[in-house]
Protein chains: 2
Amino acid sequence: MNNHQWPVPEGEGVISAPPASSLRDENQPAGEVERLYLEIFDAVIDQRLRPGVKLTEAVLCDAFACSRGTVRAALAQLQHDKIVELQPNRGAFVAQPDIKETRDVFEARRMVEAAILDKLLSLPDLPDRLQQLWQMVRQERVAFERQDRVSWIRLSNAFHVQLVRLAENEVLTELMNSLCSRTSLIIALYDKPGCSACSFDEHEQILQHLSRGDRQAAQQAMRQHLQDCEQRMHFADRNVPDPWTMFHRQL
Amino acid sequence: MNNHQWPVPEGEGVISAPPASSLRDENQPAGEVERLYLEIFDAVIDQRLRPGVKLTEAVLCDAFACSRGTVRAALAQLQHDKIVELQPNRGAFVAQPDIKETRDVFEARRMVEAAILDKLLSLPDLPDRLQQLWQMVRQERVAFERQDRVSWIRLSNAFHVQLVRLAENEVLTELMNSLCSRTSLIIALYDKPGCSACSFDEHEQILQHLSRGDRQAAQQAMRQHLQDCEQRMHFADRNVPDPWTMFHRQL
DNA sequence: CTGTCGATAATTGTCAACAATATTTTGGAA
DNA sequence: TTCCAAAATATTGTTGACAATTATCGACAG
């Protein structure tokens with residue numbers, strides 16, 4: 001299992017094997033549709049499925065050996081998470097967030113993550129809880145140094161999600177999970193590989209401020225981090241995935 | 001259309017006709033499943049479907065004259081929004097948020113709504129935009145005075161959603177929509193009808209502080225408003241919807 | 001009377017076929 | 001050749017049926 005061949009927009013070749021663990025919680029009993037959901041979700045986040053690619057139902061249910069009913073259920077859920085766009089009678093496409101959505105997502109993240117930092121700083125044992133995050137930042141550095149872009153994006157998201165998880169609020173955790181996955185799509189569309197600076201460095205700084213209990217500095221660092229990320233997006237010469245698909249989406 | 005007979009836990013009689021407009025945005029082309037989604041969603045928010053009630057697929061597709069595939073798709077989406085709980089091979093139940101979830105939802109709301117007030121206060125033409133909200137508060141008062149509990153809850157939610165909408169951020173709006181609907185479920189479960197004080201009064205105060213541009217007071221009023229609402233919840237003698245259902249949910 | 005086991009009934013999970021819609025190809029005329 | 005129309009193909013939307021699982025009821029032993 002798990003070594004299917006994804007539909008590729010152009011001739012990008014066979015994708016590498018998907019990673020074992022997902023960003024999302026695996027608390028549910030996980031039926032057939034949940035498996036498909038996670039499979040496609042991961043593929044989009046890892047950019048094995050580029051934004052704008054059409055997800056033909058027949059291809060999917062062939063790739064995963066399941067019926068179209070299952071595929072449709074999974075796609076419906078993904079649409080609800082804004083990971084795919086479901087056009088009536090046309091089919092499902094990996095979502096292509098526009099400039100407005102980019103602005104909204106990052107603004108929401110700045111708001112929510114600032115509030116979360118505030119709460120975290122009121123925890124008495126915060127430095128202890130931060131241990132695992134230091135570990136995570138080290139992994140980020142490794143992924144960055146060996147140019148492993150997929151792992152880097154995945155770990156970068158995981159950092160923010162794990163940070164929220166420390167607040168022990170399920171609602172906020174799921175919320176951040178959703179925002180992070182949408183951010184991944186945005187990065188896939190608008191970020192230039194060359195420009196993706198050392199964000200693990202900024203993560204490290206945030207951790208330092210947090211463990212020192214410096215509220216002001218932590219807030220500022222997080223705000224700057226998110227703002228930097230947003231401003232790395234280039235909307236002019238966008239990362240067009242596939243002229244054929246673009247044409248048929250009337251853009 | 002729209003005058004179906006909902007499955008009722010005990011002998012609560014026939015439900016009243018559902019209201020015309022929904023809380024949720026109706027931007028999508030609205031397929032068959034979207035209709036079902038909204039129908040069930042509204043019924044839950046309006047408490048015509050009480051928490052814990054089982055939603056049998058056959059009953060639903062009989063009530064709305066559609067196939068089970070449609071019903072399953074709608075239920076899957078509702079599960080994703082935490083409006084219904086989908087137990088594998090057991091069926092769908094209207095969600096019953098527990099104490100922890102209640103805490104988390106209200107904490108998330110305090111965080112997000114505080115941040116939103118901050119943003120709103122930076123808008124130059126805020127007082128103009130607040131016009132429609134004054135109108136809304138008046139409606140709340142009317143609903144409260146004629147003891148129309150359903151309209152009151154609906155309008156109370158709408159107030160918060162509309163307030164967020166002024167910030168012109170789609171992501172935040174949808175987020176608040178989700179949080180408000182979950183709040184409705186919580187109120188249905190844990191609030192005593194008698195105790196639901198004059199919250200429209202608190203809404204009015206928030207508006208006053210906002211139109212005066214008094215950041216400190218507005219923040220405090222919103223915080224207090226949400227905290228009051230949360231503390232009106234009584235977890236001891238909970239509003240048990242149906243012993244039969246409760247039993248089979250292993251509680 | 002209570003609790004356990006087994007058969008029956010009801011409900012969900014999955015699938016395959018059909019109808020509706022959209023896309024591609026084909027054919028012909030300017 | 002280029003453009004337009006219409007048949008042909010492909011894909012999605014919907015439905016109904018069947019298999020798998022679970023809930024209900026009744027018989028029976030303790």
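The structure presented is a predicted model; accordingly, all values stated were derived computationally and were not measured. Residue numbering restarts at 1 for every chain, and letters A, B, ... go by the order of the sequence lines.
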(message) Could you measure the distance from the OH atom of A:Tyr190 to the CD atom of A:Glu230? Nearest 0.5 Å is fine.
(response) 12.0 Å
(request) Nearest whole angstrom, please: distance from the C1' of C:dT14 to the CZ of A:Phe64. (result) 18 Å
(message) Just the rounded figure in Å: distance from C1' of D:dG13 to CZ of B:Arg35.
(response) 15 Å
(request) Grab the CD-C1' distance between B:Glu57 and D:dA17 for me, whole Å please. (result) 15 Å
(request) Find the distance between CD1 (A:Ile45) and CD1 (A:Ile40) and round it off to the nearest 0.5 Å. (result) 12.0 Å
(request) Ignoring the backbone of A:Arg90, work out which of C:dG13, C:dT23, D:dT12 is nearest its side chain. (result) C:dT23
Name the atoms and distances for all side-chain donor-acceptor pairs under 3.5 Å in residues 61-68 of chain B, with sequence neighbours left out.
unit_1	atom_1	unit_2	atom_2	d
B:Arg68	NE	B:Glu57	OE1	2.9
B:Arg68	NH2	B:Glu57	OE1	3.0

(request) Among the candidates D:dT14, D:dT22, C:dA16, find the nucleotide nearest to the side-chain atoms of A:Ser67. (result) C:dA16
(request) Give the nucleotide from the list C:dC15, D:dG13, C:dT12 with an atom nearest to the side chain of A:Arg72. (result) D:dG13
(request) Give the rounded distance in Å between these two atoms: CD of B:Gln87 and P of C:dT11. (result) 16 Å
(request) For the residue pair B:Lys100 and A:Glu170, establish whether any side-chain heavy-atom pair is separated by less than 4.5 Å. (result) yes
(message) Does any part of the side chain of B:Gln77, heavy atoms only, come nearer than 4.5 Å to the side chain of B:Ile83, both counted from C-beta?
(response) no
(request) Check whether the side chains of B:Ser181 and B:Asp81 place a donor and an acceptor atom closer than 3.5 Å, and report yes or no. (result) no
(request) Can you tell me the distance, in whole Å, between the CG atom of A:Asn89 and the P atom of C:dA19? (result) 17 Å
(request) Would you mind reading off the distance between A:Leu86 atom CG and D:dT12 atom P, rounded to a whole angstrom? (result) 9 Å
(request) In whole angstrom, give the distance that lies between atom CG of A:Leu60 and atom C1' of C:dT14. (result) 17 Å
What's touching nucleotides 8-10 of chain D from the protein side, N or O pairs under 3.5 Å?
none

(request) Measure the distance from CD on B:Gln79 to P on C:dG13 and round it to the nearest whole Å. (result) 10 Å
(message) Less than 4.5 Å apart, side chain to side chain, heavy atoms only: is that true for B:Val171 and A:Arg109?
(response) no
(request) Give A:Gly91 one of three labels, base, sugar-phosphate or nothing, depending on what nucleic acid heavy atoms sit under 4.0 Å from its own. (result) sugar-phosphate
(message) Side chain of A:Arg68 only, heavy atoms from C-beta on: which candidate in D:dT22, C:dT12, D:dT14 is closest?
(response) D:dT14
(request) Would you indicate which nucleotide in D:dT11, C:dG13, C:dC15 comes nearest to any side-chain atom of A:Thr56? (result) D:dT11
